[in-house]
Amino acid sequence: MKSILPHLYDGHMMQQYKGAPFGELSPHVFAVADVAYRAMINEGKSNSILVSGESGAGKTETTKMLMRYLAFLGGRAATEGRTVEQQVLESNPVLEAFGNAKTVRNNNSSRFGKFVEIQFDKQGRISGAAIRTYLLERSRVCQISDPERNYHCFYLLCAAPQEEIEKFKLANPKSFHYLNQSRCYELVGVSDAHDYLATRRAMDVVGISAKEQEAIFRVVAAILHLGNIEFTKGTEVDSSVPKDDPAKFHLKMTAELLMCDVDALEDALCKRVMITPEEVIKRSLDPQSAAISRDGLAKTIYSRLFDWLVDKINVSIGQDATSKSLIGVLDIYGFESFKTNSFEQFCINFTNEKLQQHFNQHVFKMEQEEYTKEQIDWSYIEFVDNQDVLDLIEKKPGGIVALLDEACMFPKSTHETFANKLYQTFKTHKRFIKPKLSRTDFAIGHYAGEVLYQSDQFLDKNKDYVVPEHQDLLGASKCSFVAGLFPPLPEETAKSSKFSSIGSRFKLQLQSLMETLNSTEPHYIRCVKPNNLLKPAVFENVNIMQQLRCGGVLEAIRISCAGYPTRKPFFEFINRFGLLAPEVLEGNYDEKVACTKILEKKGLKGFQIGKTKVFLRAGQMAELDARRAEVLSIAAKTIQRRVRTHYARKRFIALRRATIVMQSICRGSLACKVFHCMKRESAAVKIQKNMRKYQARSTYNKLHISVLVLQTGLRAMAARKEFRFKRQTKAATIIQAVWRCHKAVKYFKKLKKGSIVAQCRMRGKIARKELRKLKMAARETGALKEAKDKLEKRVEELTWRLQLEKRLRTDLEEAKAQEITKLQNSLQEMQHKVDETNALVVKERESTKKAIQDAPPVVKETQVVVEDTQKVDSLTAEVDSLKASLEAEKQRADDNERKYNEAQTSGEERRKKLEETEKKVSQLQENLTRLEEKLTNLESENQVLRQQAVSMAPNKFLSGRSRSIIQRAAESGHIGGDAKTTMDLHSPSINHRESELEDKPQKSLNEKQQENQELLIRCIAQHLGFAANRPIAACIIYKCLLQWRSFEVERTSIFDRIIQTIGNAIETQDNNDILAYWLSNASTLLLLLQRTLKASGAAGMAPQRRRSSSATLFGRMTQSFRGTPQGVNLSLINGGMSGGVDSLRQVEAKYPALLFKQQLTAYVEKIYGMIRDNLKKEISPLLGLCIQAPRTSRASLVKGSSRSVANTEAQRALIAHWQGIVKSLGNFLNTLKANHVPPFLVRKVFTQIFSFINVQLFNSLLLRRECCSFSNGEYVKAGLAELEHWCYKATDEYAGSAWDELKHIRQAIGFLVIHQKPKKTLDEISHDLCPVLSIQQLYRISTMYWDDKYGTHSVSSDVISNMRVLMTEDSNNAVSNSFLLDDDSSIPFSVDDISKSMEQIDISDIEPPPLIRENSGFSFLLPRTD
C-alpha cells in the first residue's frame, strides 16, 4: 500500500495529523501515534501501541511508519553525526535482514517478536531507545519448506559484490544445503544486491564498525559452508567422517571463517566427550547424529549472532536514565495456523492469547468501568474470556509448558510419552482436543480457532543448551568476534545441568512484557490482510471477517452495540448539534439540560445523560448527523442559489458585449478569406496546367531514352552470349581431342609396359626350368650318400628335439606350432629326396642296360662290361641297403611320431591347464598393477595438492619463461642422453641467461598466447564433426595442450575455459545430439589424458614396483608385456617424434592438469547420466502402456485366434506401444552412432535402460493383479520379442548384455504363459522355469495369477504351502521380504574401464578446422609428410 499510495504516508500527511484531535480526520496510523504522543506530553504517562494481525497483514510496515511519525514529532534539527531517531529508524533494515524471511503468507515475515521502547525527555524529544526481541525462529536456519526462504541475510550475502563472494568462497544460493531445500531463491520486485548495500549503510548508521560488519558476514558465510558438510560412515563402528572432497572443502572453509582448527572442528561435529569419575571417554557419532550436531551448531551460532546484533544496537543507540516517559511499539507475530504446526507456532499462539487477554481487560472492562464512573443505568455485558486457555498452557504445575519441561529433564522421554502425558492430564479439559487418527498430535481451542499441533519436535526445540565441545571450540577461536559470541561460562553454571527450557524462558519474557504494557496506556492497531494472493485491490470477505473475529474486533463492536457505543462531552455535543435547536442556544440553559432538550426535540429515546458525557445508543449518532447535515444542506442551498444568480447575470452581460465585437471582426475576416481563396484558385489552375504539360514531356523523353538504352543492351547481350557459346564449343572440341589423344597414348604405353613385363617373366620362368633340369642331370651317384647322411642327421635332430620337448614342457606353447611344421616339412623333404633317388637309380639302370645292349661284342670291352655289371651290382646292393636303412628309419620315425603324438596330447592337456592358470594369474597381476597405478596416482595427486603451497615458495625466483626453458632443456636432455644427467639450476650460465630473459618484454608473448587460447575456445565451441570416427574437437584440444605444455605449468586458465565451454554446451539437457557429441569428445579427451598424464612423484616409485613384480615367476613372464607405457600415436605432433606409441613419453602433470582431468571425468559421468535419463523419460510413458494389454484386444484374444484381417490389425495395435519403445531405442542408437560415442559407453547405456525396463515391468506385474493373466503374459511376451529382435539388429557391439538384464520379466512372463501349471512342482518352478526369482516373488505371481483365456488354474495348493513355509523360514533368518526390484541409477564405469575398452587413437593426421588452419600459431596442427 505504501508503494502504491505514497501520498498517504509522506511528510504532508504527517503535518496534517500533527496535533489534530482524534476522530476529526480519517482513521490513520499517524492519528494513533499522535494521540499516544499527546497523551504522554500532556499527562506525563507512558504509552504503548500494540500492532497485531496475522502474518502478511502489514504489522512490520505499520511499525516502521509509527516509528517514522514519532521520530518526526520528537526529532531534533539536522546536526552533525548520527541522531538517536536516525539510529532507531535504521535499526529496522538491520533486524529485518537477520530476523525476517519469506513464508507462505508473507514475503517479509518477522520471525521474531520486537518491542521498541522510545524514550523522550521533558521537552518531548527522543533521548534514547531500547529494543527487546522475543523467540527467534532458530529452526529456520537449518530447515525450510517450499516455497519459503531462509533469513534474508543469507541471500543478501550471496548477492554481494564479487570481491566479497570470492573472499568468502560463496556461490549461487542453489549450491548451499540450507538454502536449496526450497526452490524459491529470489523475490519478485526485490533486488538482493541493492538490499545488501542498504543493510551495510544501515549498519553504519546504527554504529556497527566496518570490522564488525566483516566479522558478522564472515559468520553468516561460515554457517552456509557448515550446512554443506556431509558425513558418511567411518572405519570404526558408529563413527562418521566427512563424505567427500566437497565436504572437506566446506569443513576447511568453515574453520577458516570461524578462525578455528580444522581437526578440532571435525572432532566437535563427529565426537562427544563423556566425563566419568574414572576417565574421560571420547565417543564417536554416527552420520545422522553428526548431521544433527552440525545443525545444532549452526542454530546456536546464528542465535548468538542475532542476540549480539540486538545488544549492539541498544548499546549504540543508548538509553536515557533520566527519562520519565516512553512510548513502546510492539510488533509481534500474529496468530498462526498452518498445515504443520510445531513448537514455534505453539509459542506464537500463546503470545497472542496473552495479548488478547490484555485487549479484553483494557477494552471490555474499561468500557464497563466508564459506565460506572458516569453513573448511568447499565446491565453487565458478557464477553469471551480466554483465561482457561492461558491456564491450560502456563499454569503450574499442570500446564503444557510445565509438562514439557518435565519431559525434557528425563533422558528417555520421547514425543510419544509427552503426548500420552498430555492426553492423560487434559482428557477432560474443554479446550484440549485429542485427534482420533494420531498418537502424537494434539489440538487446542484458541480464541481464534482450533489449531492442531505436531509434538514431534517439541522436546528438541524446547532444549536450549550449547554442546560443551562447541563452546570450547568457538570460545578458543582466534577471531575475537566469534570468541565474544561464546564467552566462558561461570564455573557453577558449567557444573549445573545442561538443560535450559526455551518455553519457560519465553513465558518469563511474556510476563515482563505484560507488566510493561500494564504500566502504560495502550493503544491498538489491528492490521487486516485483504487477501492471501498478495495482490492489490482484491478483498476476500470471508478471510477479512475471520481476521476481525480472531482479533476481537467483532466482539468489541458487539459489546459497544449492546451498550452505548457513542459518547460525547456536553460541550462537544452542544457545539456540534446546537443548530438543530437554535432556541436552546439562545436560552441560558445548563449544558446537561441543553443536551436533554436537543435530544427530546428530535424525538430520540433510550439515551443516557451522565455526569460529563452524553451516551447514545447505536445508530442515534448517525441519525443526529443526518438531521444536522439536512439543516446545513438547506442553508447551503439558499446561499448557493443567491451567489449563482449574481454570477450568472454578471457573466451574461460580459458575454453579450464580447459577442457583438467578435461578430464584426469575424465577418470582416471571412470576406477577406473568400477574396484570397478566389485569387489563389485562379493562380493554381494556371500553375497546374503548365506543370502537367512539363511532366508529360519529361516522362515521354525519359521513356524514349530508356527504350533505346534497353534495346542496345539486349542486342549486345545476345551477341556476347552467342560469341561466348561459339568460343566454348571450340575450346571443348580442342580439349576433347587432346584428352582422347592423351588417353590413347596412356593406354598404349600401359599395354606396351605390360607386354614387356609378361615377356620377361615368361622368359625367366623358362630359363629357371632349364637350369633346374641341368642341375638335376649334373648330379652324380654321391648325392645318394649325401641324402643318407642328411637323413640320419635329420633323424638325430628330430630325436634330440623330441627329448628337448620333454624337458622343456613349460615352453611348449611357443614351440609347438613351429616343431609340427618343421617335422612335416622334413618328412616331406625326405620323402621327396627318396623318390628322387629311386628315380635316379631306375634311370641309371635303364641307361646302363641300354648302354650294354648298344655295346658291340668286342673282347676288349668285355672287362668294361664286367666292370659295368659289377658297378651296377654294387649300386644295386647299395640301393638295397639304402632301402633297408630307409625302412628302418621310417619305422623309427613312426615310433618317434607315435611318441610325439602321445607327448603332444599330454602336453596339450598340461598346456590348457597352464593357460587357465596363466590367465588367472595374468588377471590377478593386471588387477594388482591397476590397483598399484591407482594408488600411486592418488598418492601423487594428494602429494601435489599438499605440497602446492610449499613448492611455490622456492620457485619464485624463476620467471615463467626461464622455468619453461629449463624444463624443455631438461626434457630434451632426458630424451637424447642418459636418464641420470641433470641440469644444475644454480650454475652461472643459467643464472646469466635467466637474468637476460627476465629483462625481455613478455607482453607480446602473453598476448599471443591469450589470442591463441581465445581462438581455440571459439573453435571448439562450434560443431567440428568427426574425422575417421575420431572427434576433431578432442584431438585439437589435446594437440594444443600438449604443444603449449599446459600440463606442466603451475597455473593456467585454459583448463577452466575448456570446462566452461563444455558446461555451456550441455545446458540444454533435451538435445541428445549435442549431449552425444560432447560425450564422444569428452571421453576421447579423457582417454588421451589417462594414457598420457602421470602425477608428479610416480616416477620415484616405479623401480620399487618393478622389483616387486619381477621377483616372482609370473612377474618375470609379464614384465616384457608391461615394459612400455601405454600411449597414443602422436608421431607427427613434433618433428622428432616418429616412433609411434613406444616412443611417446608420459607427461608429469601439475595440479591444474590433474584437476582438469578430474573435472573432465565428472563431466563424462554427468553427460552419460543426462543421456540415460533422457531416454528413460522418453520411454517411461510407453512402459506404463506396455505392461497391460488393452481391454478390447484382450477380449478379441479370449474369443479365439481367428486368422482374419481384423485379428491381424488387433495384433498390430497390441505391439504398437512396444514398437514405439523400439523406435525410440533405434533413434537413440542412431544418434550415438552418428556422434561416434565409444561402443563401451553405448553398451553401458542400453544395459541400464534394459535394467530400468525390467524393473518397471516386473514391479508393475507384481503390484497389479490385472496384469498377472495369461493373455497379458502373451501380450508382454510379444513385446519382449520385439526387444530381442532389436538387440539382434543392434549387434553385441552396441547392445552387449542388455538382453540379459530382462531376466526377471522374461522368466515371470514365461511362467504366466506355460500350460499345466498345477502339475509343476516347486523345484521345477524355482530351478528350471524361474531360477532368478525369489520365493516371495514366485508366491506373489502364483497367488495373483488368473487365466482370462482358457480358464486354467495356477499352481497347486501344495506348492503354495511350500512357498509359505520357505517364506516363513526366510523371515526368521532376517532376510528382506521385499519382492520389488530397485532401479540402479549409478555410474557403472570408471576411467580405467574406458581406457581398457577403447583402442589406441592415432591423431597425427587430423586436419585442423578452417577457423585456425590459416593461423600461424596453429601450424603444428597441420599434418606433415616424411
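Here, residue 1 is the first one in the sequence, and each next residue gets the next number. Values in this document were obtained by computation on a predicted structure and should not be read as measured data.
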K.L.:
If only side-chain N and O atoms count, and only distance matters, is there a donor-acceptor pair under 3.5 Å linking E344 with S139?
P.N.:
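Looking only at side-chain atoms, E344 and S139 do form a donor-acceptor pair, the distance falling under 3.5 Å.
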K.L.:
Do you see a donor-acceptor pair shorter than 3.5 Å between the side chains of H523 and N47?
P.N.:
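Per modelled atom types, H523 and N47 side chains form a pair under 3.5 Å.
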K.L.:
When you compare the side chains of N531 and E540, does any donor N or O come within less than 3.5 Å of an acceptor on the partner?
P.N.:
no
K.L.:
Are H470 and F486 close enough that their ring centres sit under 6.0 Å apart?
P.N.:
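No, the ring of H470 stays outside the 6.0 Å limit from the ring of F486, centre to centre.
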K.L.:
Please report whether the ring centroid of Y155 lies less than 6.0 Å from that of Y196.
P.N.:
no
K.L.:
If the threshold is 4.0 Å, N to carboxylate O, is there a salt bridge linking R201 and E90?
P.N.:
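Looking at E90 together with R201, the answer is no, because their closest N to O distance does not fall below 4.0 Å.
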K.L.:
Take D204 and Q213 through the side chain to side chain donor-acceptor pair (under 3.5 Å) test and state the conclusion after the steps.
P.N.:
CA-CA 9 Å; D204 293 335; Q213 293 179 28; 2.5 Å; yes
K.L.:
State whether the side chain of T520 and the backbone N or O of L517 hold a donor-acceptor pair below 3.5 Å, judged by distance alone.
P.N.:
yes
K.L.:
Salt bridge check, E54 against K59: does any charged N sit closer than 4.0 Å to a carboxylate O?
P.N.:
no
K.L.:
Relative to each other, are the rings of H358 and Y524 parallel, tilted or perpendicular (30° and 60° limits)?
P.N.:
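The arrangement is tilted - the two ring planes meet at 30° to 60°.
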K.L.:
Could you check whether S46 and S325, counting side-chain N and O atoms only, form a donor-acceptor pair closer than 3.5 Å?
P.N.:
no
K.L.:
So for atom CD, which belongs to Q319, do other residues, nucleotides or ligands contribute more than 12 heavy atoms lying within a distance under 6.0 Å?
P.N.:
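Counting neighbours around CD of Q319, more than 12 heavy atoms of other residues, nucleotides or ligands fall under 6.0 Å, so yes.
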K.L.:
Between Y302 and Y151 (judged by ring centroids, cut-off 6.0 Å), do the two rings come close enough to count as a pair?
P.N.:
yes
K.L.:
What is the ring orientation for F98 with F217, classed by angle as parallel under 30°, tilted 30 to 60°, or perpendicular over 60°?
P.N.:
tilted
K.L.:
Distance only, no hydrogens: is a donor on one side chain within 3.5 Å (strictly under) of an acceptor on the other, for Y69 and D34?
P.N.:
yes
K.L.:
So that I can tick it off, tell me whether R218 and E256 are bridged by a salt bridge, with the cut-off set at under 4.0 angstrom between side-chain N and carboxylate O.
P.N.:
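Result for this pair is no, no salt bridge flagged.
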K.L.:
Which of these passes side-chain contact (heavy atoms from CB on, under 4.5 Å) with V51: V32, T63, T60, V29?
P.N.:
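Result: among V32, T63, T60, V29, T63 is the only option passing the side-chain contact (heavy atoms from CB on, under 4.5 Å) with V51.
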K.L.:
Compare all side-chain heavy atoms of N228 with those of H225 and state whether any distance is below 4.5 angstrom.
P.N.:
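Side-chain contact under 4.5 Å: no.
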K.L.:
Verify whether one side chain among S182 and R149 offers a donor that lies under 3.5 Å from an acceptor in the other.
P.N.:
no
K.L.:
When the aromatic ring centroids of F335 and H446 are compared, is their separation below 6.0 Å?
P.N.:
yes
K.L.:
So, are K211 and E214 salt-bridged, with charged N and O less than 4.0 Å apart?
P.N.:
no
K.L.:
Using the six-membered ring of Y134, assess whether NZ or CZ of K114 lies under 6.0 Å from its centre and within 45 degrees of the ring axis.
P.N.:
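Not satisfied by the 6.0 Å and 45° rule.
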K.L.:
Hey, does the side chain of Q119 reach the backbone of D320 with a donor-acceptor pair shorter than 3.5 angstrom?
P.N.:
yes
K.L.:
If we count only N and O atoms by modelled type, under 3.5 Å, do the side chains of S109 and R111 hold a donor and an acceptor together?
P.N.:
yes
